[in-house]
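Have a look at the structure below before the remarks.
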Amino acid sequence: MSKTMAPLYATDGLIADGSPLAGELAKLKALPGSPKEKAAAALQLVQDHVRYLMVGMNGGNYVPQKPAETWTLRYGDCKAKTLLLLSLLRGLGIEAEPVLASSTLGDSVPERLPTAAAFDHVLVRAVIDGQSYWLDGTGLGSRLEDIGDTPRFGSVLPVRTAGAELMPIQTHANARPTIDVSVEADESGHEKLPTVFDAKAVLRGQIATMISTGLGQMDAKRRDEMVQGFFSEQVGTAQYSQIGVTTDAALATVTFTAHGVTSSPWKLSDRRYRRDASKLIDEISFAPDRARPAWLAIPVATSAPIGIRYHLRLRLPQGGKGYAIEGEQGLSKTVAGYDLRRTVQLKDGVLDVEERIDATGVEIAADRLPDERDALATVQAMSPHVIGPAKPTYLWDYSPATIAAWPQSKAVEATFAKAIAADAEDATGYSSRSNFRWGIGDYKNALVDLDKAIGIKPDVDLYLQRAYRRFQTGDVTGALADGRMARQLDPASGAAVGTVATYLAESGKLDDALGMVDAKIAIGGEARDGYRSFKATLLGTYGDPAKAIEIIDAQLAEKPGMTGLFNERCWVKGSRNVELESAMQDCTKAVELSSGSMAALDSRAMLWFRMGRFDDALRDLDVVVAQEPGKEPSRYMRGIVLHRLGRASEGDAEIAVARRIDPRIDAVYARYGIKP
């Protein structure tokens, strides 16, 4: 095969003196720099100035188009581009030869018969200073820094007059990351405020060239949607006040930029705020399928070489005081076919994280798979996290005015304002800002934003959200109206039915609420049990607790596996102050079966309260509040219990927190006859 193809790639005399192509060769020769730099320039010329067009007629057409014709037409397939590049390189005095490759068969080429059908591609192998460079004219966006990168073609066949054997290409990580992302984030006010960020992504090589070509066919909206879609993978769903795209043909790059806000990544765990300080490495998956015995001896081909870099610079709350990093901060390791690099630093209130992952394209032997999987799992288990102070603060610890004055909050407001102004037809800007404002206690303006969002896009979720918030601010009539609108939009919505029924009962129309629920129960199906439990809740809260208990008893008799019903029965008995002796059995079983759920402890605390055992109630509530500080019913009851124990000032503080989280909390417990 090598000998047969060799005459087709002879280059003597193909660049005629005085021809346009000879002029291009002269320009390349005149360039300053090393042979490697001139080879890179020749490759760029072929890639950037000759479009790819496959020629597959006449039995595959193994004869390449002549370089002069290719340069005139400005298009050609892999054969034509290879012969053109080969002619230029040899004209520069650079050792070069064509090599046949298979874009799909890879490592199985040595197992095939030596026929032309074993190959579907051809490229150039150049040798400079004793090093092989695999130069593909059909590629896009290759530059000097990239010409040492290795394609994953497995074994290739050099085309030589004397013939040749197959030559394996030993892959390695690319010189530069194909995707290079940097994020500047502000979380300096508080962990639970939205994150304000500036993001920049530089895309290189083939992907950049393809995007550059596509940009010419996009309007501004489609362009912005593309950039938003890209950054959603980096920072999550966000609202954007600014989006930009720039291209650089000389560098073969596309640069995306964005300014926006996204949801806070901080989670409260073990009484401390925590957030990930790693991204790329945690997202690697390596789980080769070995479900059949015959597959156990098969090696794994890893991803073709590609590199991604991620850099995060984050301003922490409280100037970083009390914050620490847990996990492996420095990493330099090759695992599961990836070169992994990471550095993490926390200094002067700023977290600095830099990660790079490079797929190397190597093959992993079958007997190495368990060790590689274990090594990756170990690396990911040791991924770094940022841990907040031992004594965290919460948004309800501050007044809305104080929160609004923080630079992070001002930046959030400014970003939302610009995002909303940029697209007046998008309701998500208003709904997202409503969530932010509600979270900091600015209830009035939060509702105004919801009004505007519904004016743009009146959907079920927005109506239900506004119904609940109206209810929390005491507007039961408005809440019921929103619930009815949601149900009108989607009569099958269980959430809408539950909302309407609850606010009917709250309005003193319990019979109407029960009638709605009974109609759903009569339909049967999978939702029947949920509606029966909801009916028990309505009766237990607004009606006859004995009837509620009767429904729960019947459900437990039919389906004893519904263990959550023990908690429901415990709560009904405790909150309504009935059947207290049997209630203790329900509460105990609910706690035993709850698997750590705080709801059962909260219910039992209510029972202890009814029995006058305030110390026992406080112990259960202490556990609940420690695990779920934002559970306002438990905080309210804890305040009530502290009052009963003569610790009024502590009780007032707890009740104030509960009221800040839920403005209607007093009304909720007044229904049960419980007041401070």
Side-chain angles (χ1 to χ4, degrees), residues 24 27-28 31 33-34 36-54 70-71 74-78 80-82 84-86 88-89 94 96 99 101 103 121-126 128 132-153 169 171-182 200-218 223 226-227 229-230 233 244-257 303-310 356-361:
E24 296 298 328
K27 292 177 186 177
L28 292 172
L31 290 174
S34 65
K36 178 180 174 181
E37 291 172 305
K38 293 182 179 182
L43 177 62
Q44 181 177 343
L45 183 72
V46 173
Q47 287 186 350
D48 291 1
H49 295 276
V50 177
R51 289 179 292 115
Y52 176 81
L53 178 67
M54 177 184 174
T70 300
W71 189 249
R74 295 301 173 97
Y75 68 74
D77 59 13
C78 63
K81 285 197 165 205
T82 291
L84 173 59
L85 179 58
L86 198 64
L88 292 170
L89 291 173
I94 295 173
V99 293
S103 62
H121 190 51
V122 62
L123 65 156
V124 173
R125 171 180 172 259
I128 304 173
S132 293
Y133 294 88
W134 309 95
L135 310 182
D136 192 339
T138 66
L140 296 170
S142 298
R143 295 298 182 261
L144 174 63
E145 296 87 348
D146 310 313
I147 68 168
D149 294 348
T150 47
R152 198 185 66 174
F153 287 137
I169 297 179
T171 60
H172 56 71
N174 289 346
R176 297 190 299 170
T178 301
I179 301 173
D180 196 339
V181 179
S182 298
K200 177 182 177 181
V202 179
L203 287 69
R204 300 185 174 96
Q206 182 158 320
I207 186 173
T209 304
M210 293 172 66
I211 290 173
S212 294
T213 302
L215 285 172
Q217 304 171 21
M218 297 182 187
R223 180 207 66 187
M226 176 186 67
V227 177
F230 176 85
E233 298 294 324
V245 179
T246 58
T247 62
D248 189 322
L251 297 176
T253 61
V254 173
T255 301
F256 296 160
T257 56
S303 300
I306 185 172
I308 305 174
R309 175 183 171 271
Y310 177 79
R356 177 165 171 175
I357 63 171
D358 282 277
T360 60

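Panel note: side chain D248, backbone A250; a donor-acceptor pair is recorded below 3.5 Å. One N or O on the side chain of T82 and one on the backbone of V122 form a donor-acceptor pair closer than 3.5 Å. In terms of modelled atom types and a separation under 3.5 Å, the side chain of K36 and the main chain of I128 share no donor-acceptor contact. Side chain of N174 to backbone of P305: a donor-acceptor contact under 3.5 angstrom is found. Here the side chain of Q47 pairs no donor or acceptor atom with the backbone of R143 at under 3.5 angstrom. Formation of a donor-acceptor pair under 3.5 Å by the S182 side chain with backbone atoms of K200 is not found in this model.
Summarising the geometry, atom CG belonging to L53 is positioned 10.5 Å from atom NZ belonging to K81; distances are rounded to the nearest 0.5 Å. In this structure, CG in D136 is found 8.0 Å from OG in S142, a value given to the nearest 0.5 Å. To the nearest 0.5 Å, atom OG1 of residue T209 and atom CD of residue Q206 are 7.5 Å apart. Between L251 atom CG and E145 atom CD the span is 8.0 Å, to the nearest 0.5 Å. Taking CG of D149 as the reference point, atom OG1 of T171 lies at 11.0 Å (rounded to 0.5 Å).
Here the shortest heavy-atom pairing between G141 and D48 reads N-OD1, 4.5 Å.
Looking at Y52 and D77, their side chains come closer than 4.5 Å, going by heavy atoms from C-beta outward. Side-chain contact check for R309 versus D180: some heavy-atom pair is nearer than 4.5 Å. The shortest distance between side-chain heavy atoms of R204 and D146 does not fall below 4.5 Å. Side-chain contact between T213 and L140: absent, with no pair of heavy atoms (C-beta onward) separated by less than 4.5 Å. Using a 4.5 Å heavy-atom cutoff, the side chains of I179 and F230 are in contact. Side-chain contact between L123 and V99 is present, with at least one heavy-atom pair separated by less than 4.5 Å. Side-chain contact between F256 and V254: present, with at least one pair of heavy atoms (C-beta onward) separated by less than 4.5 Å. In this structure the side chain of L45 reaches within 4.5 angstrom of the side chain of W71, judged on heavy atoms.
Atom CD of E37 has more than 12 heavy atoms from other residues, nucleotides or ligands within 6.0 Å. The environment of CE in M218 is crowded: more than 12 heavy-atom neighbours from other residues, nucleotides or ligands sit within 6.0 Å.
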